[in-house]
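One is the number of the first residue; the rest follow in order along the sequence. What you see below is based on every heavy atom in this structure, not just the backbone, and it leaves out hydrogens, waters and symmetry mates. Counting starts at 1 for both ligands and their atoms, in listed order.
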Amino acid sequence: MSQRDLNSATKPDRGNELKHNYSPEHAGDSLTDFESIKPSTKLESLNLNWREKDLPERARTKHVHRLHPYLGKFVPQLVEIFLRKFEPITVCDPFCGSGTTLVEAAALGINAIGCDISEFNTLMARVKTGRYDLELLEREVNDILVRALSVSQLRLMEDAAPYNSNDYLEAWFAPTALTSLLSYRALIEDYTYQDVLKLILSRAARSARRTTHFDLDFPKCPQTEPYYCYKHSRICTPTEDSAKFLRRYSTDTVKRISEYAAIRRDVALLTITDDARRAQLPKFDLVITSPPYVGLIDYHEQHRYAYELLGLPWKAANEIGPALKGSSLRAKTEYVENMIESFQNVKKSLTRGGRMVVIVNDKSGLYDEIQERVGMSLETRLERHVNRRTGRRAGAFFESIFVWVAEE
Ligand SMILES: C[S@@+](CC[C@H](N)C(=O)[O-])C[C@H]1O[C@@H](n2cnc3c(N)ncnc32)[C@H](O)[C@@H]1O
């Protein structure tokens, strides 16, 4: 495919060539000129140890990458690097999560397939990569907001007790917040861009939960009283309101989708909600993925509020390596078998000589066995120093990037 923007600058001489299998500390300049990556660029020469000043949050969360929070996203620029390096016709991400690979592919004129077990994650990916009549989108987003928050609509919801709520929603939202959310939800079916509206609703719901400000990812129980807030270093009170979030995210969503529409190319995109072990995938010539890791994150659970509010199917039992199963030897063995099954299934649709780029913090060293048993050869392994700066998860760790080639 020749529609890509691979035309500009040549690779700068950084004078800090790094060897295969490196574990670099922050030293020298990291790569920031992403357009300079060409098929001839040597992966081992790239310094991917970005510090905040090299690759600030606003660049990592540009346009649709911040349409909705999602724990476990990878850095979009990493995907961009490998798409520019390998120039696929079609890329597949069998664990596509919030759709980072698809978003980056469409911006470079590359077809993309994404698969994920979680219905909410594929909803996010679809909304991010959708094509929109932007005027209609803005009209709909504004119209539902005005209608949902009108006095008569809210009164209707309050009177219609128990207005199709449930125990979870009533525990996690203050009555006023819940009324606005349910009022909005009841109107979604009147519009064309229902998935976008569902995402705005979910994002507002996430912010309006009765939680502490410092534990939005996995709050354990509703916070109904004022508390000492580690994030703001003062006493904070759980919110009673969701209308302000609905308003804020309506504006932000239209803005972000419009920004992306200006760079999104006309490519074929497919999003599948299925199990990577079994999904039937069309042909592709490159895989870029960051699979779930053993015992790390419960992907359905992190968006429980969205499942409850939108009535999405709950398939958490099919997640590979969920946190709730822990990281015991048994959990690791099960994980390895499930990953082998997934990659073997994915490999069936990979063209001859195609590559898989797998980005994972393999702290238990499981991926050599996975690669061998899937029947892939290791072309390159890079180590990237990841510096976490946010929230209470501060600390540093290394992330591996495996480049595998399909054995004949
Ligand atoms: C590390 S995340 C991927 C994040 C993604 N790279 C992004 O930037 O948003 C791993 C994903 O694997 C998904 N997953 C877990 N088990 C799965 C399975 N059996 N089949 C397909 N996807 C699965 C999870 O739902 C999660 O979204």
[options]: member with heavy atom nearest to [atom]:
atom: atom 19 (N) of ligand 1; options: Asn318, Leu102, Leu296; result: Asn318
atom: atom 13 (C) of ligand 1; options: Asp116, Leu78, Thr101; result: Asp116
atom: atom 14 (N) of ligand 1; options: Ile320, Thr273, Ile117; result: Ile117

Could you see which bit of [X] sits under 4.0 Å from ligand 1, with heavy atoms only: side chain, backbone, both or neither?
X: Tyr293; result: neither
X: Asp274; result: backbone
X: Pro291; result: backbone
X: Cys96; result: backbone
X: Ile297; result: neither
X: Tyr299; result: side chain
X: Asn121; result: side chain

Ligand 1 and [X], any nitrogen or oxygen pair closer than 3.5 angstrom?
X: Ser98; result: yes
X: Pro292; result: no
X: Cys115; result: no

Item to complete: Quick one: sort the Tyr249 and Phe245 rings into parallel, tilted or perpendicular, breaks at 30° and 60°.
Response: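 Parallel, since the angle between the ring planes stays under 30°.
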Practice prompt. Report the relative orientation of the aromatic rings in Phe343 and Phe95; use parallel for angles under 30°, tilted for 30 to 60°, perpendicular for over 60°.
Written response: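 Judged by the thresholds at 30° and 60°, the geometry between Phe343 and Phe95 is perpendicular.
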Which heavy atom of the protein is the closest neighbour of [atom], given with residue, atom name and distance?
atom: atom 20 (N) of ligand 1; result: Ala276 N, 2.9 Å
atom: atom 6 (N) of ligand 1; result: Ser290 OG, 2.9 Å
atom: atom 26 (C) of ligand 1; result: Tyr70 OH, 3.3 Å

Give the numbers and elements of all ligand 1 atoms closer than 4.0 Å to a heavy atom of [X].
X: Asp275; value: 18 (C), 19 (N), 20 (N)
X: Thr100; value: 7 (C), 8 (O), 9 (O)
X: Gly72; value: 1 (C), 2 (S), 4 (C)
X: Glu319; value: 16 (N)

Sidechain-backbone polar pair: [X] side chain, [Y] backbone, donor-acceptor under 3.5 Å:
X: Asp285; Y: Thr351; value: no
X: Thr41; Y: Ile37; value: no
X: Lys128; Y: Ser98; value: yes

Fill in: Pair Asp116-Tyr299, side-chain donor/acceptor within less than 3.5 Å
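Asp116 vs Tyr299: no donor-acceptor pair found between side chains.
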Item to complete: Using distance alone, with no hydrogens and no angle criterion, decide if Asp362 and Ser400 have a side-chain donor and acceptor under 3.5 Å apart.
Response: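 Result is no, nothing qualifies.
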Fill in: Output field: ring centroids Phe120/His68 closer than 6.0 Å
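Centroid distance Phe120-His68: below 6.0 Å, so yes.
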Practice prompt. Please find out if less than 6.0 Å separates the ring center of Tyr335 from that of Tyr293.
Written response: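 Yes: the rings meet the under 6.0 Å criterion.
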Discussion item. Is it true that, when you exclude Lys244 itself, more than 12 heavy atoms of the residues, nucleotides or ligands shown sit nearer than 6.0 Å to its NZ?
Written reply: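 Above 12, so yes.
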Item to complete: Go through the structure and list residues passing side chain to side chain donor-acceptor pair (under 3.5 Å) with Glu138, not counting sequence neighbours.
Response: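 Per chain and number, Glu138 pairs via side chain to side chain donor-acceptor pair (under 3.5 Å) with no residue.
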Discussion item. Among residues at least two apart in sequence or on other chains, which ones pass side-chain contact (heavy atoms from CB on, under 4.5 Å) with Leu216?
Written reply: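 Leu216 satisfies side-chain contact (heavy atoms from CB on, under 4.5 Å) with Arg206, Arg209, Thr211 once adjacent residues are dropped.
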